There are 2 protein chains.
Amino acid sequence: MARRPTPDDGRARPTTIRDVARHAGVSVATVSRILSGTYPSAPVTRTKVMRAVRELDYVANAHARGLAGVQPKSVAIVVNSVTSPHYAHVAQGVQEQAAREGRLCVVGTSGGDPERELAIVQLMREQHAEAVVLVGNISADDAYRERMAGYARALTLAGCHLVLCGRPSLGPEVPAIVVEYDNTGGAHAMTSHLIAAGHRRVLFLGRRAGYTTPESRIAGYRAALAAHGVPHDPGLEVDGTMERHEGYRMMRDRLDGGPRDFTAVFACNDQIAAGARQALREEGLRVPDDVSLAGFDDLPPAPDIDLTTVHVQHKELGRTAVRLAMESEVPGTPEHVLLGTRLVIRDSVRQACPAA
Amino acid sequence: MARRPTPDDGRARPTTIRDVARHAGVSVATVSRILSGTYPSAPVTRTKVMRAVRELDYVANAHARGLAGVQPKSVAIVVNSVTSPHYAHVAQGVQEQAAREGRLCVVGTSGGDPERELAIVQLMREQHAEAVVLVGNISADDAYRERMAGYARALTLAGCHLVLCGRPSLGPEVPAIVVEYDNTGGAHAMTSHLIAAGHRRVLFLGRRAGYTTPESRIAGYRAALAAHGVPHDPGLEVDGTMERHEGYRMMRDRLDGGPRDFTAVFACNDQIAAGARQALREEGLRVPDDVSLAGFDDLPPAPDIDLTTVHVQHKELGRTAVRLAMESEVPGTPEHVLLGTRLVIRDSVRQACPAA
DNA sequence: CGGGAGAGTTAAACCGTTTACACAAGGGGA
DNA sequence: TCCCCTTGTGTAAACGGTTTAACTCTCCCG
């Protein structure tokens with residue numbers, strides 16, 4: 001036996017459909033049908049059953065129901081961490097859309113560790129999630145891609161959709177929906193904006209080889225420099241991750257390292273910008289009077305520090321991910337969506353001082 | 001039959017333990033035992049089974065496993081929204097602790113709607129979650145409390161623990177773990193800090209009747225005024241919710257409404273403080289030179305706007321919630337925990353100008 | 001008065017796993 | 001040689017629902 005009948009067990013066993021049937025004086029099948037409402041039934045029986053359900057405070061066992069083939073499945077989302085505004089907003093979009101489609105939403109955090117991400121995906125496969133949404137920015141290691149590709153195929157076989165959100169495709173052979181936003185275009189536009197304001201030495205904070213988001217953004221930065229005939233100085237590209245304290249560190253190091261050789265800063269995201277701004281202020285440099293500063297994302301704390309930045313539709317990203325996964329059965333559904341971005345001009349960029 | 005055998009079905013059925021058993025030439029029970037590793041087995045059998053598992057890429061069906069009585073259950077957390085830094089940090093703590101205890105974490109958002117919150121709790125009951133964590137700040141309506149109390153009893157009956165996080169108990173009769181932090185004490189300390197700096201007219205932004213968090217904080221504010229013999233002017237208490245745009249609105253209204261009759265502002269949280277700061281700056285008032293400003297929470301964007309605030313251990317709150325729920329079987333576990341807070345002095349509060 | 005038609009209900013099979021119990025083979029002590 | 005114990009595996013009964021196929025009534029029509 002799976003479990004002893006435990007008629008003498010201390011704690012009570014939850015109410016089952018059998019209890020309801022007995023209490024209402026009908027069969028189990030009748031209760032099931034009346035509750036699902038998919039079958040005609042006599043009003044008097046219906047009343048009896050509903051009363052029994054209320055009196056016993058019955059709720060169905062989701063495991064049993066899932067096992068029996070009913071599919072009110074769930075959507076899973078894997079992010080680095082929920083405290084990062086970027087992930088939080090995407091997650092919020094996923095949540096909202098999942099709720100709208102009547103799905104439960106499971107959130108997992110990987111902490112940026114590919115190993116944990118793979119483990120969570122495997123877990124979701126066990127849970128028979130309807131869709132698994134992987135959000136952004138992971139090291140594109142070859143062995144990792146190979147394994148994830150394998151999982152993607154397994155998920156698809158089990159009728160589950162893999163959605164890559166703000167992250168590039170795993171290759172044409174791998175079944176996955178991709179929802180991205182235009183990192184390169186946004187960075188290009190922002191860099192052009194800085195150049196138009198007369199800046200020719202723009203410090204880029206947050207380069208990170210192997211990570212797709214920073215790589216796309218720096219590509220836009222470089223392309224804009226080239227398009228406007230501004231010489232590209234690799235010495236102006238600073239390595240770092242996308243956290244606030246890293247922004248602080250990068251700027252500190254730069255200021256401590258010698259005379260200031262830039263008039264503007266383009267941070268890879270708003271968090272870095274916020275950290276860099278703090279380091280600048282500690283050094284007595286005002287934004288935008290002494291140094292212009294631009295970010296990317298348009299998330300808190302951008303409005304609080306008057307940051308000129310690139311707006312990304314984060315919630316829409318999450319919503320689209322879920323929507324595409326749900327609709328992917330219908331023929332015309334696209335498998336790759338690229339969301340646009342737009343500049344948000346606040347007050348952190350000023351005309352370059354020609355003397356600088 | 002529950003489902004036709006579908007030997008001719010288009011899409012493949014996921015691999016079951018039976019497939020593995022057949023493929024390895026052993027019985028289903030043997031596969032189960034070898035995979036769970038709780039039983040002795042011959043090395044040669046073990047090898048065969050493991051190879052079959054690998055070749056078929058088998059993962060167990062979590063529904064079936066759950067039904068059969070194995071309990072690697074999950075932890076559920078219900079928050080207003082994941083984009084609010086306050087909830088995000090608590091959720092992060094819950095996630096981390098749940099992961100550490102080997103539990104899956106389900107996140108639901110209620111949008112502050114008691115009705116949806118109740119619905120999610122019911123859903124979690126179906127899912128047989130091991131613990132349900134409800135986070136903060138809901139309207140303490142009587143009918144709602146009654147229903148939630150009923151659910152709490154039902155959850156307990158099903159062996160599931162209800163944890164109220166940053167929210168008061170439902171009453172002594174209701175089985176629930178409560179993890180709070182000291183709102184009143186923190187607000188008292190901050191108000192005292194402002195009074196010590198010479199402020200006697202402190203504007204409180206974010207009063208909200210019926211909501212426990214603002215009510216506790218304003219109680220601390222009033223108590224501190226009384227303790228230091230500063231007259232209490234109800235006209236200095238402004239109603240509003242705990243969002244950034246509300247902080248902006250409240251301060252705007254106040255400044256537009258007449259001459260400034262306060263020298264310091266105590267915002268009910270950092271978000272309100274950030275909004276209020278923006279309104280002040282638009283009016284040409286500098287923080288802290290013209291007006292002192294204090295917040296509550298110590299979450300982004302507090303460090304970016306140099307906000308003096310009250311630090312709350314948000315992650316610890318979430319972690320404690322999960323930990324207590326897991327350990328609640330062992331006798332000595334407390335059912336009510338109050339976490340401390342501490343002042344974080346930055347640069348948004350200055351000595352009051354006696355003339356003001 | 002026999003015989004569909006159709007509404008309402010029930011018994012039983014099935015979903016995929018775990019596990020109590022049965023059982024076979026092999027080894028060692030009496 | 002016999003018996004018992006250990007070790008490894010198989011059989012079958014749960015777990016709690018859903019669904020199919022069969023069955024029992026009424027009712028209506030020829």
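In this text the structure is predicted, and so the values were computed from the model without any measurement. Numbered from 1 within each chain, the chains take letters A, B, ... in sequence-line order.
Within the nucleic acid shown, A60(B) comes within 4.0 Å of sugar-phosphate atoms alone, with no base atom in reach, counting heavy atoms only. In this structure, S32(B) reaches the bases: a heavy-atom distance under 4.0 Å links it to at least one base atom across the strands shown.
The distance between atom NE2 of H63(B) and atom P of dT18(C), rounded to the nearest whole Å, is 15 Å. The CZ-C1' distance, from R65(A) to dG16(C), rounds to 18 Å in whole Å. At whole-Å resolution of the value, CZ in R22(A) and C1' in dT10(C) are 16 Å apart. I17(A) places its CD1 atom 14 Å from the P atom of dA11(C), with the value rounded to the nearest Å. One atom, CG of N61(A), and another, P of dC15(D), lie 12 Å apart when rounded to the nearest Å. Whole-Å rounding puts the R18(B) CZ to dT18(C) P distance at 12 Å. In this structure, L67(A) atom CG and dT17(C) atom P are separated by 9 Å, rounded to whole Å.
A distance-only check finds a donor-acceptor pair linking the side chain of T320(A) to the backbone of E316(A) [under 3.5 Å]. Between the side chain of D19(B) and the backbone N or O of T16(B), at least one donor-acceptor pair lies under 3.5 Å.
Checked against dT18(C), dT11(D), dG16(D), the side chain of A29(B) finds its nearest nucleotide in dT11(D). For A64(A), the listed nucleotide lying nearest its side chain is dG17(D); candidates were dT19(C), dG16(C), dG17(D).
With hydrogens and angles left out, the side-chain atoms of S84(B) and S81(B) include no donor and acceptor closer than 3.5 Å. Between the side chains of Q97(B) and E101(B), at least one donor-acceptor pair of N or O atoms lies under 3.5 Å.
Between H63(A) and H63(B), the ring planes are tilted. Angles from 30° to 60° get that label.
Put simply, Y58(A) has no side-chain N or O that comes within less than 4.0 Å of OP1 or OP2 on dG16(D).
Looking at I77(B) and C105(B), their side chains come closer than 4.5 Å, going by heavy atoms from C-beta outward.
For residues 146-178 of chain A, no pair satisfies ring pair (Phe, Tyr, Trp, His ring centres under 6.0 Å), with sequence neighbours left out.
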Could you run down the sub-3.5 Å N/O contacts of the protein with nucleotides 4-9 of chain C?
residue : atom : partner : partner atom : Å
dT9(C)  : OP1  : T45(A)  : OG1          : 2.3
dT9(C)  : OP2  : A42(A)  : N            : 3.3

